[in-house]
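The block underneath contains the structure these notes are about, expressed in structure tokens.
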Number of protein chains: 2
Amino acid sequence: MRNRLPVGKTGDVNTATVETPSTQDLIRRAAMTLFASRGYEATTLQAVAEVVGISKQAILHHFRSKEELHDAVLRQLIDHWNRTLPHLLVTASATRNRFDAVFSELVAFFQADPDRARLVLRELMDRPDVTRKLLSDVIGPWLSSIATYVRIGQERGVHRADVDPEAYLLQVLQLAIIGVATADVMSAIVGEGPEGRERSARELARIAHASLFSPRPVA
Amino acid sequence: MRNRLPVGKTGDVNTATVETPSTQDLIRRAAMTLFASRGYEATTLQAVAEVVGISKQAILHHFRSKEELHDAVLRQLIDHWNRTLPHLLVTASATRNRFDAVFSELVAFFQADPDRARLVLRELMDRPDVTRKLLSDVIGPWLSSIATYVRIGQERGVHRADVDPEAYLLQVLQLAIIGVATADVMSAIVGEGPEGRERSARELARIAHASLFSPRPVA
DNA sequence: GTGTGAGCTTACCAAATGGTAAGGAGCGCC
DNA sequence: GGCGCTCCTTACCATTTGGTAAGCTCACAC
């Protein structure tokens with residue numbers, strides 16, 4: 001028997017302190033990594049089990065099926081997003097240069113765990129119709145909130161008049177996602193190792209910025 | 001027995017005329033679609049066979065293994081790219097507004113068959129290390145050629161000085177790819193049906209343009 | 001007509017997959 | 001001590017997977 005630490009009745013909400021991660025958590029994390037890097041179909045329960053160091057059936061004890069595990073992983077990602085959102089928006093209103101702050105937070109969210117970007121991308125490709133709704137719900141509020149901000153900027157002449165706020169934000173979001181998801185491959189073309197990634201990241205920020213803000217009249 | 005048309009010795013280079021597609025072609029096309037939409041692992045030979053309307057073993061008659069089929073599909077895509085490249089560059093030098101022409105050609109290449117974008121994206125995610133080399137070889141020349149063009153524009157002051165040409169082009173390429181690959185899902189958020197796609201496409205072009213060209217001094 | 005060979009089919013297989021059934025080990029509770 | 005519960009294991013299973021073997025059939029060369 002493993003994992004018989006004083007962890008409370010398993011299943012109750014974590015009591016905030018940093019505990020030894022439960023087996024469920026370990027499974028979720030391993031599955032996340034594997035789903036993200038190999039895809040759902042290509043990921044076997046066996047592979048997840050080996051990463052965690054338990055038997056395949058132990059997984060099926062915690063999650064009734066592979067699909068339920070998949071759902072759990074996804075829900076965790078969404079939860080994380082929703083928990084990060086407020087912080088992101090607070091950053092937005094607190095800073096002078098709001099947009100750059102929000103944008104770097106957005107990129108940071110995915111860079112903090114590239115599996116997030118990869119997983120989102122996989123979902124977009126593997127289950128377009130399901131993901132469409134999901135994405136609408138999850139990023140919809142975020143989108144219209146920031147879009148409003150962009151529009152205000154447009155009225156003030158700070159933002160380019162020809163920007164389509166929603167479309168623009170979606171493109172930026174896509175860039176952030178694919179940038180992180182394929183960072184290893186794509187940025188390697190532009191330069192070896194961290195240098196390439198650095199250049200890619202910088203250029204990404206530059207593009208997002210330059211295509212939003214009105215050119216300063218070089219007084 | 002099927003496909004016993006006057007198709008010449010199978011395997012010889014197509015004699016240019018529009019022929020009844022060979023079974024090999026049909027298999028390749030079906031596989032392309034399935035690989036692109038479901039991924040390599042999730043695509044079974046059985047599924048390909050059903051699309052084509054033959055038995056699974058017929059596929060294995062034409063391609064020694066699933067992997068060989070995969071290679072064939074990829075090679076076809078690369079060939080197509082290489083055949084389109086010259087046309088793309090000719091367009092570049094023939095037009096006044098070179099960049100916009102090249103860019104729209106690039107997008108058109110993927111839009112002409114969204115499976116191309118999806119497949120590239122899959123490769124990037126599923127086999128990063130293999131794809132890194134491949135991509136370097138395939139788009140390397142294209143990249144440095146256009147990068148040079150961007151640099152010339154920079155010297156003339158037409159292009160923004162702070163653009164990192166290679167990094168910029170890669171970002172734009174990524175945007176084109178993901179834009180097409182996830183068009184259905186993402187653009188649906190911005191607007192229903194073709195309207196959303198229209199807005200997304202326009203915004204994509206705008207971003208690429210605005211982040212490259214120097215702001216016109218609004219004389 | 002008689003090979004010859006490409007194109008395809010039926011029959012078959014070992015391996016791996018997701019999932020079920022049943023049972024054991026350790027803990028808290030009475 | 002016995003009960004019950006969670007956690008996990010071994011045993012097992014039907015199905016599906018990519019792939020092999022062998023043979024049928026038609027078109028064409030001779």
Side-chain angles (χ1 to χ4, degrees), chain A residues 1-15 19-32 34-35 38-74 126-127, chain B residues 1-15 19-32 34-35 38-74 126-127:
Chain A
M1 159 137 300
R2 292 159 199 247
N3 213 349
R4 256 342 170 69
L5 327 176
V7 83
K9 298 263 191 212
T10 318
D12 66 355
V13 186
N14 269 348
T15 28
E19 297 177 359
T20 313
S22 69
T23 306
Q24 277 213 29
D25 283 338
L26 292 177
I27 294 173
R28 248 197 306 262
R29 286 183 206 177
M32 167 103 172
L34 288 173
F35 285 155
R38 305 184 187 176
Y40 177 76
E41 297 281 350
T43 301
T44 67
L45 292 180
Q46 187 64 42
V48 179
E50 275 164 22
V51 170
V52 181
I54 55 178
S55 73
K56 180 184 67 169
Q57 282 70 11
I59 295 179
L60 288 168
H61 169 71
H62 291 282
F63 302 90
R64 255 182 288 182
S65 67
K66 187 185 178 185
E67 195 145 343
E68 194 174 293
L69 173 56
H70 180 242
D71 289 352
V73 168
L74 228 62
D126 291 341
R127 316 189 317 176
Chain B
M1 160 137 298
R2 292 160 200 245
N3 214 349
R4 258 331 167 79
L5 328 175
V7 84
K9 300 262 192 213
T10 318
D12 65 355
V13 186
N14 267 349
T15 28
E19 297 175 0
T20 314
S22 68
T23 305
Q24 278 213 28
D25 282 338
L26 292 176
I27 295 173
R28 250 197 305 262
R29 287 183 204 177
M32 167 103 172
L34 289 173
F35 285 155
R38 305 185 186 176
Y40 176 78
E41 297 280 351
T43 300
T44 67
L45 292 180
Q46 186 64 40
V48 179
E50 274 164 22
V51 170
V52 181
I54 55 178
S55 72
K56 179 184 70 170
Q57 283 69 13
I59 295 179
L60 288 167
H61 170 72
H62 290 284
F63 302 90
R64 256 182 289 182
S65 69
K66 188 186 178 185
E67 196 146 342
E68 194 175 293
L69 174 58
H70 180 242
D71 289 352
V73 167
L74 229 60
D126 291 341
R127 316 188 315 174

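Chain naming here is simple, since letters A, B, ... match the order of the sequence lines and numbering starts at 1 in each.
Rounded to an integer number of Å, the gap from CG of B:Leu45 to C1' of C:dC8 is 15 Å. The separation between A:Lys66 atom NZ and C:dT20 atom P is 15 Å, rounded to whole Å. Rounded to an integer number of Å, the gap from CG of B:Leu60 to P of C:dC13 is 18 Å. The nearest whole Å value for the distance from the CZ atom in B:Arg64 to the P atom in D:dT20 is 10 Å. When the C1' atom of C:dT17 is taken as reference, atom CD of A:Glu67 falls 15 Å away, rounded to whole Å. The CD1-C1' distance, from B:Ile54 to D:dT25, rounds to 17 Å in whole Å. When rounded to the nearest whole Å, the span between NE2 of B:His61 and P of C:dT10 equals 15 Å. Following rounding to the nearest Å, A:Leu69 (CG) and C:dG19 (P) show an atom-to-atom distance of 10 Å.
Between A:Val52 and A:Ile59 the shortest side-chain heavy-atom distance does not fall below 4.5 Å.
Looking at every heavy atom in both residues, B:Ile54 comes nearest to B:Ala58 through CD1-CB, 3.6 Å.
B:Ile27 pairs with exactly one of B:His62, B:Met32, B:His61 by the side chain to side chain contact (heavy atoms under 4.5 Å, CB included) rule, that one being B:His62.
Taking only side-chain nitrogens and oxygens, B:His62 comes nearer than 4.0 Å to OP1 or OP2 of C:dC8. At the phosphate of D:dC8, neither OP1 nor OP2 sits under 4.0 Å from any side-chain N or O atom of A:Ser55. Regarding contacts with the backbone of D:dG18, every side-chain N or O of B:Ser65 stays at 4.0 angstrom or more from both OP1 and OP2. Listed pair A:Thr23 / D:dC8 meets the phosphate criterion, a side-chain N or O lying under 4.0 Å from OP1 or OP2.
Comparing A:Lys56 and A:Ile59, the nucleotide of DNA chain D nearest to each residue sits closer to the 5' end for A:Ile59.
In this structure, the separation between OG1 on A:Thr44 and NZ on A:Lys66 is 7.0 Å, given to the nearest 0.5 Å.
Considering only the side chain of B:Gln57, C:dA11 comes nearest among D:dA11, D:dG18, C:dA11.
Taking the six-membered ring for Trp and thresholds of 30 and 60 degrees, B:Phe35 and B:His70 have ring planes more than 60 degrees apart, a perpendicular arrangement.
Residue-to-nucleotide contacts include no donor-acceptor pair under 3.5 Å from the side chain of A:Gln46 to the base of C:dG18.
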